[in-house]
Amino acid sequence: MLALAGFYTVCVAMVWLPGAWLFLVPASLPWLNFAPWTGWLVFEEFDLLLLAVLAGSYGRWAFSSAHSSAHTRPELQWRSSATVLPALLAAAGLLALLRGGWDAGGWTWGWFQGYADPLNSLRVAKSLLWALLCLPLLREALHRSPAEAGRQVARGMLTGLVVVTLAVLWERVAFPGLFNFTSKYRTTALFWEMHVGGAAIDAYLALSTPLVVWALRSARRPWQWALGAVLALAVAYAGLTTFARGVYLSMAAPVLLLGAWFWLQRAGLDLRTWLDALWQRRRPGWRMPAACLLALALVGEIVAVLQGGSFMSERLAHTERDFGSRLEHWQRGLDLRDGPVDPWLGIGLGRLPSHYAHNYPEGEWPGHVTLQTEAGGQRPFMRLHGPDTDPELDAFFALTQRVHLEPTEPYRARLQLRVDAPVEVSLQLCERHLLYPARCQEAFLQLAPTESPWQQIDVPLRGPQFKRTPWYAPRLGMLSVSVLGGGTHADFQSIGLTGRNGHELLANGDFAQGLARWFPAERFYFLPWHIDNLYLELLIERGALGLLLWLLLVGWAVWHLLLGRARRQPLAPYLAASLIGVSLVGLVSSVMDVPRVAFLPYLLAFFALCMARNTDPPKA
């Protein structure tokens, strides 16, 4: 009911406030996903928001007589890059989507399909699909007022960035500690797609950091600039605590390029004039001292994180070894293209994880889960698998559910399961945000087949008592169920968890609603899910055609923003820096396998192309 109420509210808001979606969508993107609570992988709450935006906006168009008047309708130019390039991307994306479904064995429906199932192709395709559906709305907003549309996008991205930095601060305070840079804990914020690793937060920070510069430069009063400076420090902290070398480059390089661009824009290309202009900017006022203090604070923050512990030093020391492993990983991914058509059209959207896991023993799944029913089709049960062959991957995969933890509470687990061979089952109830557990209570079961197929087990969880946490940094709880041993599995008809008062703490413990509320999560091992390179990701799944169209889209958008017709718009250099940032992080990270984040570069690139069509040509 809450989701429906929000859906209809957004629909109505889009009728009365047509341009508000440019703020609402980027502001909601970093947090509007509750996968660990719902169990949804293919679909998410952010999809509901976009559906509401599109329904309300297109409904307003359909029933508004004002829209049909010539002075309010944006002109559609079929030969413009803002139309031709998206059309080519749509055709190539549809082809890759169909190839992905065919490669997975044909389209089948299921609310809780995983990364090896056909709907994973749709999950990956969503980012381009949503951006294409938003394209007419972008044209309308920019036709109305390019400057106002740009401000709405910038404010929305900054609001989303504030949410991400607050989530990072909470996560660090609640788990490793705000100033603990030794622990091997890497920040994930609210990007639950990182339950299989990946670079969701990396790409988001690369896309959003240039807008912090916009906030500082557009501030008119000292208090506004001070808020921007605090955000800059928080964003830098968030990026540093990812302990990802690619993030450092993709956040710093665009900001430096922005600085150089503004100086060159102010002084021209003559070096002497540029230096004179730089000297002349050292005039009295609050901005220059404040900027110097901010720069010193950022440098101090960087030094504190990089020298405040051994984790980042260890990662930097292993850079050469890690790069060698990454090259081998990339070559394996390229070798997955085994047909004459694959180099040109790819193996299909969303098919890289499944192909990698089945073609290389080193990249096998650490476990997976399926929902099945008894022979009569009456009662469902959940089949939980361990690793295919490698016992060293034990406990790297678990089926999880969020649990509200109470201090000093003794917990008990009740299981109804069956096994057809000796197997071990691990139960862990931990303080856990996503990837890294803190305090845990656990139980290990060694099971063997019995005369009665279904076994009833009641077992206490042993371990340290949970403690109360500060209200401003509560620790989340998570129950994890794993099957240990290569090539083994166990069938679960029900899973229960009770505390001192005997009340059931789990939802859908009998799997009557499928895998609703149950969320698969991995730890420490993420090899088959990501190729760790945006361009190879495009080349493998979408082929040379998909890679070429992506490069054309980003390159053409950046050219328009820096040198073309859109360059006179106030937001143009910041959008260019965002696209350059995600292109840099894509050198060492996958991006398209996180549709919520991949939607943003598509949206910004289309925004740039539409901005160029709605901007008067510069005067001679």
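Heavy-atom basis, side chains included; hydrogens, waters and symmetry copies ignored. Each residue takes its place number in the sequence, starting with 1.
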Engineer: Just wondering, do P210 and L258 contact through their side chains at under 4.5 Å, heavy atoms?
Structural biologist: yes

Engineer: Begin from the C-alpha positions of I531 and L352 and carry the test side chain to side chain contact (heavy atoms under 4.5 Å, CB included) through to its verdict.
Structural biologist: CA-CA 8 Å; I531 198 62; L352 190 150; 3.9 Å; yes

Engineer: Suppose we screen for salt bridge (charged side-chain N to carboxylate O under 4.0 Å, His left out). Which residues come up paired with R596, at least two apart in sequence or across chains?
Structural biologist: E193

Engineer: Evaluate side chain to side chain donor-acceptor pair (under 3.5 Å) for S250 paired with R245, printing each intermediate quantity in order.
Structural biologist: CA-CA 9 Å; S250 62; R245 290 153 292 196; over 6 Å; no

Engineer: I'd like to know if R475 and E171 make a salt bridge, using a cut-off of under 4.0 Å between side-chain N and carboxylate O.
Structural biologist: no

Engineer: Once side-chain hydrogen bond (donor to acceptor under 3.5 Å, both in side chains) is applied, do any residues pair with Y574, and if so which ones, sequence neighbours excluded?
Structural biologist: R217

Engineer: Taking the six-membered ring for Trp, are the ring centroids of Y58 and W61 within less than 6.0 Å of each other?
Structural biologist: yes

Engineer: Any heavy-atom pair between the side chains of I201 and M194 that's under 4.5 Å?
Structural biologist: yes

Engineer: Is the backbone of S583 close enough, under 3.5 Å, to the side chain of Y535 for a donor and an acceptor to pair up by distance?
Structural biologist: yes

Engineer: Got a second to check how far L133's CG is from S57's OG, nearest 0.5 Å?
Structural biologist: 11.5 Å

Engineer: Compute the centroid of each ring, for Y115 and then for H195, and state whether the two points are separated by less than 6.0 Å.
Structural biologist: yes

Engineer: Between W31 and F191 (judged by ring centroids, cut-off 6.0 Å), do the two rings come close enough to count as a pair?
Structural biologist: no

Engineer: Of the options L579, V591, L207, which is the one that meets L600 in a side chain to side chain contact (heavy atoms under 4.5 Å, CB included)?
Structural biologist: L207

Engineer: Using the salt bridge (charged side-chain N to carboxylate O under 4.0 Å, His left out) criterion, which residues pair with R123? Sequence neighbours excluded.
Structural biologist: none

Engineer: Rounded at 0.5 Å granularity, tell me how far CG in L538 sits from CG in L349.
Structural biologist: 9.5 Å

Engineer: Under the rule for side-chain hydrogen bond (donor to acceptor under 3.5 Å, both in side chains), what residues qualify as partners of R99, not counting sequence neighbours?
Structural biologist: D342

Engineer: Tell me, please, which residues at least two apart from R151 pass salt bridge (charged side-chain N to carboxylate O under 4.0 Å, His left out).
Structural biologist: E148

Engineer: Under 6.0 Å between ring centres: does that hold for W109 and W111?
Structural biologist: yes

Engineer: Compute the centroid of each ring, for Y436 and then for F175, and state whether the two points are separated by less than 6.0 Å.
Structural biologist: no

Engineer: Name all residues meeting the side-chain hydrogen bond (donor to acceptor under 3.5 Å, both in side chains) criterion together with D103; count only those two or more places apart in sequence or in a different chain, and write none if there are none.
Structural biologist: R351, H355

Engineer: Parallel under 30°, tilted from 30 to 60°, perpendicular over 60°: which one fits the rings of W170 and H433?
Structural biologist: perpendicular

Engineer: Is the side chain of Y185 donor-acceptor paired with the backbone N or O of T241 at a distance under 3.5 Å, no angle test?
Structural biologist: no

Engineer: Looking only at atom types and distance, does a side-chain atom of R186 sit under 3.5 Å from a main-chain N or O of T242, one as donor and one as acceptor?
Structural biologist: yes

Engineer: Under 4.5 Å between any side-chain heavy atoms of V10 and L49, yes or no?
Structural biologist: yes

Engineer: Other residues, nucleotides and ligands only: do more than 12 of their heavy atoms fall within 6.0 Å of CH2 on W102?
Structural biologist: no

Engineer: Let's go through L399 and W518 carefully: what are the C-alpha distance in whole Å and the side-chain angles of both, what is the deciding distance for side chain to side chain contact (heavy atoms under 4.5 Å, CB included) to 0.1 Å, and is it a yes or a no?
Structural biologist: CA-CA 6 Å; L399 191 64; W518 293 96; 3.9 Å; yes

Engineer: Measure from the side-chain N and O atoms of H530 to the backbone N and O of E537, and report whether any donor-acceptor pair falls under 3.5 Å.
Structural biologist: no

Engineer: Just by modelled atom types, is the R517 backbone N or O under 3.5 Å from a matching donor or acceptor in the N508 side chain?
Structural biologist: no

Engineer: Find out whether R542 and L547 are in side-chain contact, i.e. whether some heavy atom of one side chain is under 4.5 Å from a heavy atom of the other.
Structural biologist: no

Engineer: Side chains of F43 and T38, heavy atoms from C-beta outward: is any pair under 4.5 Å?
Structural biologist: no

Engineer: Should the ring pair W556 and W559 be called parallel, tilted or perpendicular, given that the plane angle runs from 0 to 90° and is split at 30 and 60?
Structural biologist: parallel

Engineer: Should we count CZ of R402 as having more than 12 external heavy atoms under 6.0 Å?
Structural biologist: yes

Engineer: Give the intermediate values and the outcome of side chain to side chain contact (heavy atoms under 4.5 Å, CB included) for residues L211 and L571.
Structural biologist: CA-CA 9 Å; L211 275 302; L571 199 64; 3.9 Å; yes

Engineer: Can a donor-acceptor pair be found between the side chains of E45 and W40 at a distance below 3.5 Å?
Structural biologist: no

Engineer: Heavy-atom distance under 4.5 Å between the side chains of K126 and F599, does that happen here?
Structural biologist: no

Engineer: About how many Å separate OG of S590 and CH2 of W529, when rounded to the nearest 0.5 Å?
Structural biologist: 13.5 Å

Engineer: Please step through side chain to side chain contact (heavy atoms under 4.5 Å, CB included) for the pair L562 and R567, ending with a clear verdict.
Structural biologist: CA-CA 5 Å; L562 295 182; R567 71 181 186 273; 5.9 Å; no

